[in-house]
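Have a look at the structure below, then the notes.
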Protein chains: 2
Amino acid sequence: MSQTVDRALTILPLLAEGPASLEQVATRLDVHKSTALRLLRTLHEHGLVYRQQDQRYRLGARLFALAQQAVEALDIRGIAHPHLAALNEHTGHTVHLAVYEQGEVVYIDKVDSRYPVRMYSRIGRPVAITVAAVAKLLLADLPEPERRAVAESLDYPRYTPRSTPDAAAFLAELARVREQGWACDLGGHEESINCVAAPLRGPDGRVCAAMSLSAPNVVVSAEELLRLRPLVLRTAEVIGAELSGVQPAPGLSPAPGPAAAPGPAPVPGLAAAPAPDLSPLPAPASAPAPAPAPATKGATR
Amino acid sequence: MSQTVDRALTILPLLAEGPASLEQVATRLDVHKSTALRLLRTLHEHGLVYRQQDQRYRLGARLFALAQQAVEALDIRGIAHPHLAALNEHTGHTVHLAVYEQGEVVYIDKVDSRYPVRMYSRIGRPVAITVAAVAKLLLADLPEPERRAVAESLDYPRYTPRSTPDAAAFLAELARVREQGWACDLGGHEESINCVAAPLRGPDGRVCAAMSLSAPNVVVSAEELLRLRPLVLRTAEVIGAELSGVQPAPGLSPAPGPAAAPGPAPVPGLAAAPAPDLSPLPAPASAPAPAPAPATKGATR
DNA sequence: ACGGCCGTTGCGGAGGATGCAACGGCCTGC
DNA sequence: GCAGGCCGTTGCATCCTCCGCAACGGCCGT
């Protein structure tokens, strides 16, 4: 749209490959040296570009600072919430959002089931870390030594007969979770409650949060709940993409409906989950919904 | 220099503070809405800016990708070498550069002493990880669980009576090193050889390499060598700044000699060490050096 | 010492960016 | 339910600013 800016920005990926001289830049941009110089100067003034003593240019510190500041300013909850609400809207079940912090897993958001079922979770409170599906996902993404250290330092309360018994079992479970890219808890915390969870990956590809869908046996069987897995995974993927700041459609998005995304959106940068089939599935309550993905509607802000 | 680009780039730090609408951007840039729109569009096309469904703008994924690619393309050795050579030039002693990789610490550069002294190190070869000063620095920066895992998996050969005896002692030493921001090895590997080391921090603030100055007792005493610590720390800082792409002096740097750095270069971006005095110090062996207290300590990330 | 290379500067011209005004969708409030 | 306002978007004419050229100057290699 703007030629000058366009050229200037083209320089960045070029320099990301490695240091380059003025002339190299000018050549690859196909502009005059003086033009390239002016652009580089401007980038330099903004600290996006650094000049080595051999006069060649590299990307500058400001770029890192910006990237860092951007992730810190990321409001996971704010971005995720509409999607969580939509998922709750479609399925009717309880939706949780949790993050890992300092050895604990904490709920940071929750959309209550539309069924009259109490669940012992509260925003801001620690999760039953040894059994909760979200906890498994968050811990599974930690570097191996830390994962083991945490696993070994935990208590393993037997909430139910199906609770994780000890560190060894937990680590084995984490390995499987890491492998398959999702997690579940079938009556491990409260006898009659099951849940499926999916990871939210941030701009750096690491798991920065996890979300889950929970329901008691009396409403849906474990099998039925697990059938919703594709939906949960898909929602997590969409949120992750939005967190990273990736456009749903490269060209332009005339459609205001954001999550009604085009079927095959591979999420370029990150390692995407195996993208399982997503059959519409009747949905426990309401909305035979041919629309597989949760369509956000009620605008935010 | 270039008004258009200048305006466009001004948008980035603005958005780093948090999402902003078109009008907000236009207002803060003091330009017409349409102008801001064009700029944002261009940034958007390059992926530096992302558009949320509420139409507000955020920094985009491409920014992270660029930063990441840039650090991967970083040639630590190439950048550090001139500084290492300068340090060697000033002191006459052997200078080493090492990195941590996959449980090992490896030398990636070396500038030999101008004295006829052999040292059992070679570029590309693993370092005596339990005693070498550079190894201590590199391991000290690992996350706690990994640090412990590595420490416990090591052998602790008794090269000399002063070698680190076991994991417990090593971890204690690492904690101290982490705290003080530098490390030394006094005859822990070879009876008569001492060395002082300082960490090189990359754009992300983590220790990405470590450098050391080594000399045998026959040339300088341990005490004399330690007196050179400020110089080593300073050099490491300068290299770190250059790795991050920060300008030494905003105006311009007339001095070609890199390590003969300008006195007050605060190193804006990163948490800088308290900047100990650096008397030019005459030559290889010492300087009466009023060299005061244990200068550095904080230097936390 | 000289030639070539590369970054830098000043200048005129033209292409492109700017701001204006008008359109259109969306939400609010009456 | 309708009108009003808000905000993003578009087309266009004007003027600014960015572009390419050519010449300068420092540096290095021969």
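Throughout, protein chains are lettered first and strands after them, A, B, ... in sequence-line order, and every chain is numbered starting at 1.
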Find the distance B:Lys33:NZ to D:dT9:C1' and express it as a whole number of Å. 9 Å
Let's see if you can work this out: which of D:dC19, C:dC20, C:dG7 has an atom nearest to the side-chain heavy atoms of A:Ser21? C:dG7
Let's see if you can work this out: which of C:dT8, D:dG20, D:dC7 has an atom nearest to the side-chain heavy atoms of B:Glu23? D:dC7
Classify the nucleic acid contact of B:Thr4 as base, sugar-phosphate or nothing, counting any heavy atom under 4.0 Å across all strands shown. sugar-phosphate
Spacing between A:Asp6 atom CG and D:dC18 atom P, to the nearest angstrom: 15 Å
Is a donor-acceptor pair below 3.5 Å formed from side chain A:Thr35 to base D:dC18, judging by atom type as modelled? no
D:dG11 phosphate, OP1 or OP2: any side-chain N/O from B:Arg38 under 4.0 angstrom? no
Tell me: NE2 of B:His44 to P of D:dG8, nearest whole Å? 15 Å
Would you check if B:Leu228 and B:His93 make a side-chain contact, meaning some heavy-atom pair closer than 4.5 Å? yes
Roughly how many Å is it from CG in B:Leu40 to P in D:dT10, rounded to a whole number? 14 Å
Rounding to an integer number of Å, can you tell me how far B:Leu37 CG sits from C:dG19 P? 13 Å
CG of B:Asp54 versus C1' of D:dG8: gap in Å, rounded? 13 Å
Describe the nucleic acid contact of A:Ser2 in one word from base, sugar-phosphate, nothing, applying a heavy-atom distance below 4.0 Å. sugar-phosphate
Quick one: do A:Asp112 and A:Lys110 make a salt bridge, cutoff under 4.0 Å? yes
So, taking the atom named CG in A:Leu59 and the one named CG in B:Leu66, what distance separates them when rounded to the nearest 0.5 Å? 6.5 Å
Hey, is the side chain of A:Arg7 poking within less than 4.0 Å of OP1 or OP2 on D:dC19, counting only N and O atoms? yes
From CD of B:Gln55 across to P of D:dC6 the rounded distance in Å is 17 Å
In terms of heavy-atom contacts, does CG of B:Asp30 have more than 12 from other residues, nucleotides or ligands at under 6.0 Å? no
OP1 or OP2 of C:dT18 under 4.0 Å from side-chain N/O of B:His32: no
Quick one: label A:Arg56 by what it contacts on the DNA or RNA (base, sugar-phosphate, nothing), any heavy atom closer than 4.0 Å. nothing
When you measure from the side chain of B:Arg41, which nucleotide among D:dT10, C:dT8, C:dT18 comes out closest? D:dT10
Of all the nucleotides listed (D:dC19, D:dT10, C:dG19), which has the minimum atom distance to the side chain of B:Val31? C:dG19
Between B:Leu200 and the options B:Val207, B:Leu97, B:Thr235, the side chain to side chain contact (heavy atoms under 4.5 Å, CB included) test singles out B:Leu97
Phosphate oxygens OP1/OP2 of D:dT17: is one of them under 4.0 Å from a side-chain N or O of B:Gln3? yes
Rounded distance (Å) that lies between atom C1' of D:dG26 and atom CG of A:Leu22: 15 Å
